[in-house]
Amino acid sequence: MQYSGKVIEHFKNPRNQGVIKDADAVGQVGNPVCGDVMKIYISVNRRQTTDGRQQDYIENIKFETLGCAAAIAVSSILTDMVKGMTLDKAMKLTKDDVVKELEGLPEAKIHCSMLGVDALKQAIKNYRHENNEKIQK
Ligand code: FES
């Protein structure tokens, strides 16, 4: 199996690996194809746009991944890509965006990229769910 140089580099030196102890939300998913598991922690903050709107963005992000080399590389590059990004924009991210950023993945490993995108979106959904509940209380 041929991995791109970027996949190998992120696998060997993963960015943002670890835990955020006081994370605002966590997303965890398992890959139905292989059984591997990824957990994503996010800290969210709010900023004002130039036209005065408030937007929530990912201030910090970490991951824990029990998975293959591709899953580690996906976790690493994905967390780098979305740090500082608004939640709305991060929700639009696709596995193709991640695969492109990694300069490709072998066909048999494309399913590994789903794990990262799904865990991220799960964390954002959990954050929004918990925050809506807080606002309603
Ligand atoms: Fe399980 Fe890659 S083989 S995530």
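Just so you know, ligand 1 is whichever comes first in the structure, and atom 1 is the first atom listed for that ligand.
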How about His111: does one of its N, O or S atoms come closer than 2.8 Å to atom 1 (Fe) of ligand 1?
no
Is there a donor-acceptor contact under 3.5 Å from the side chain of Ser113 to the main chain of Val98?
no
Pull out every atom of ligand 1 sitting under 4.0 Å from any heavy atom of Asn31, numbered as shown with elements.
4 (S)
Distance in Å, Met85 CE paired with Lys92 NZ, rounded so as to fall on 0.5 Å steps
10.5 Å
Would you mind running through ligand 1 and noting each atom that sits below 4.0 Å from a heavy atom of Ala71?
4 (S)
Determine yes or no for a side-chain-to-main-chain donor-acceptor pair under 3.5 angstrom, with Lys121 supplying the side chain and Leu93 the backbone.
yes
CD of Glu9 to CG of Leu102, rounded to nearest 0.5 Å, is 10.5 Å
Distance check, rounded to the nearest 0.5 Å: Asp56 atom CG versus Leu87 atom CG?
5.0 Å
Cys34 heavy atoms within 4.0 Å reach ligand 1 at atoms 1 (Fe), 3 (S), 4 (S)
For atom 4 (S) of ligand 1, what's the nearest protein heavy atom and its distance?
Asp36 OD2, 3.3 Å
About how large, to 10 degrees, is the angle SG of Cys68, then atom 2 (Fe) of ligand 1, then SG of Cys112?
100°
